[in-house]
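One structure below.
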Amino acid sequence: MLADVTAPGTRHATTALRRLLDLLARGAPAEEFSRPAADARAAGVRGGELAALTDATEVALRIRRTLSQHRRREAQLTALFDTASDLAALRDLDAVLRAIVHRAKLLLGTDVTYLSLNDEAAGDTYMRVTDGSVAAAFQQVRLGMGEGLGGLVAQSARPYATGDYQRDTRFHHTGTIDSAVRDEGLRAILGVPLRVGARVIGVLYAADRAPREFAAEEVALLSSLADHAAIAIDGARLLEETRAALVDLNAASETIRAHSAEIRRAEEAHDQLTDLVLRGGGPQDVAAALADILDGGILIHDADGAELARARTGSVPPPAPAVAASRAGGRAVPLDGTWVCAVVAGPELLGSIALTGHARLPDVERLLFERAGVVTALLLLLRRSVAEAEDRVRGELLGDLLSRSGDPGALTARARRLGVDLARRHCVFVADSETADRHRLLAVAARHAQADKGLAGLHQGHVVLVAPGEAPGPDARRLAAELGQAVGAPVTVGAAGPAAGPAELPTAHGEAGRCLSALRVLGRTGHGGAAGDLGFVGVLLGDRADLGGYVRATLGPVLDYDAERGTDLVGTLGAYFAEGASLTRTKSALHVHVNTVVQRLERVGRLLGDDWNSPARALEIQLALRLHGLTDGPHTTTPAGRTEARPAGDRPAVS
């Protein structure tokens, strides 16, 4: 008969399994999980039941580790959410940074956590917040860029960790840093960068007083906290700037309210100007309102001296000495009966305001005039932000148009939203300057494009402008003169068109680029023109031109001969025609004997035919030589447009 009572060994195994589940349920320490199996073994459980119990113990430990990891991850996420909540209710930057440093200490379980910020003026990084530090010298230490672990993190913008800092030779040890670390008793250190965009503003650290290896997830966690700290610092900076601006405005308002009826009038005027800007008013609106308030003439200029608006006065350039004096002193200054106020935002000069018709200016009105400079600075900053955003959008649209990216209908719709009608015929202009700043040139071209209801941007390394028009040549000459005057340097402009619709713009752009190259090679730097302005060169530069084919058809045998034998018959031909077909002047230009010139030209005759020097063939050959320069041939072109051979030291001998 079968026994109806479970065997003792089975009962012990079952009890042990239940104990394992209880240990999991209450999150017991790992060392307790070995006891059920040990008790079962002591109770006489053997064989398969004991092996199963051992396996169950290992499974329970794995489950415990998984649960621990989930709890730890939950705690980390909770800390990050708490940090984000602190940032949302930011009031005190130091309090937020202390909270982040403290949370890092709790989550990573280290002895010390701390945060340093970069000092751009001093070129080093200094301690800002610490948690767990006991050494005063450590709390005041400064690290040069590249010095120690923290200096290396601040310089390289990469996390670094060490299990034992004093023995780690990867870092540049200094006496000051090593002494501070010894005073604090630190061994293992982990540092991650605080980034605001691409800029590193400091370092967040976690450190232990015993050797330790930091896991990848610990580096990731500290990096997440560092990102929050960087947001807090940048947000606080913006708040401080806003508060400073508000303090300035409130101080001005309080000063105005402290006086008599004139003060009240000034306050109302200031409010009127501010409201005008906030309602979307432009420079002309501000100039007209300020002219009425101060009963004088007003001119507003940008930082480059270009007039933005004027009211009740003639057009006069801004007096540079007065603008500089106002910028340096922070007050409006008089000059020959005109008051000038620099418009600044921090250290940046945005422009200037000039007031005419007042030999003297009472303090109240002078203050109002200076406050108008603050309002104008706000206006110009808003306009610049809008313009930069619009320029990016316009530049992206221009790039898509010229690279044939996207559906023509969609491109036309995008252009229409920017006020550009692609149904009209447009000319394409490619501008470049050897000395002017490209971004400065782009900014000026963008202003021209907006005024003409066109587009401007950088494309394939050049400033490109697309504008409605029917005469690319005259427009290019006008544009080259205006751009050159604005940037203070020669600007060369190649043009093509008019193009009808988005489909023809890429072809026109290619032709305009070739015109730009031709203008340079022909010695017409600083000028503008289209293919029609370049004679035979222009005909070949048209949208169906084959420069390489023309050059090969005309000079092919000579080019091949030079390539195969390392000679320079092309250079000899260029010098011969440049010197008016004079053998004497040619030999002097090439620094060779006249017989050598004769021998080379005889070789050219055998390669090109006996009629190579006839008027018709000579014209074709000279044109091909010029075009060869356009296609990066081995010759240079003088400012006068004359083709010269390479220097004798660089030219192989010709037999």
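Scope of the values below: all heavy atoms of this structure, side chains included, with no hydrogens, waters or symmetry mates. In this chain, residues are counted from 1 in sequence order.
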| message | For Arg170, I'd like to know if atom CZ has over 12 heavy atoms of other residues, nucleotides or ligands within 6.0 Å. | response | yes
| query | Within a radius of less than 6.0 Å around NE2 of His459, do more than 12 heavy atoms belonging to other residues, nucleotides or ligands occur? | reply | yes
| task | Sorted by first residue and then second, give each salt bridge (Lys or Arg N to Asp or Glu O under 4.0 Å) pair with at least one member in residues 109-124; sequence neighbours left out. | result | Asp119-Arg142, Glu120-Arg199, Asp124-Arg142
| said: Under the salt bridge (Lys or Arg N to Asp or Glu O under 4.0 Å) definition, can you give me all pairs with a residue in residues 172-186, not counting sequence neighbours? | reply: Glu184-Arg209
| So, Ser133 and Tyr114: side-chain donor and acceptor under 3.5 Å apart, yes or no? | no
| field | Carboxylate-amine/guanidinium proximity below 4.0 Å for Glu218 and Arg212 | value | yes
| task | Check side-chain contact (heavy atoms from CB on, under 4.5 Å) between Thr242 and all other residues, then give those that pass, not counting sequence neighbours. | result | Leu246
| request: Would you indicate whether the side-chain heavy atoms of Leu117 and Leu194 approach each other to under 4.5 Å? | output: yes
| Close side-chain approach of Arg438 to His462, heavy-atom, < 4.5 Å | no
| Within a radius of less than 6.0 Å around CZ of Arg447, do more than 12 heavy atoms belonging to other residues, nucleotides or ligands occur? | yes
| request: Verify side chain to side chain donor-acceptor pair (under 3.5 Å) between Thr113 and Tyr205, making sure each step is shown before the conclusion. | output: CA-CA 5 Å; Thr113 49; Tyr205 307 82; over 6 Å; no
| field | Salt bridge present between Arg128 and Asp94 (N-O < 4.0 angstrom) | value | yes
| message | Could you check whether Asn118 and Thr125, counting side-chain N and O atoms only, form a donor-acceptor pair closer than 3.5 Å? | response | yes
| field | Counterpart residues, salt bridge (charged side-chain N to carboxylate O under 4.0 Å, His left out), relative to Glu58 (two or more places apart) | value | none
| message | Applying side-chain hydrogen bond (donor to acceptor under 3.5 Å, both in side chains) as the test, list every pair that has at least one member in residues 144-154; sequence neighbours left out. | response | none
| query | Does the distance from a Lys or Arg side-chain N to an Asp or Glu carboxylate O, for Asp164 and Arg167, drop under 4.0 Å? | reply | yes
| field | side-chain contact (heavy atoms from CB on, under 4.5 Å) partners for Gln284, two or more places apart | value | Ala309, Ala311
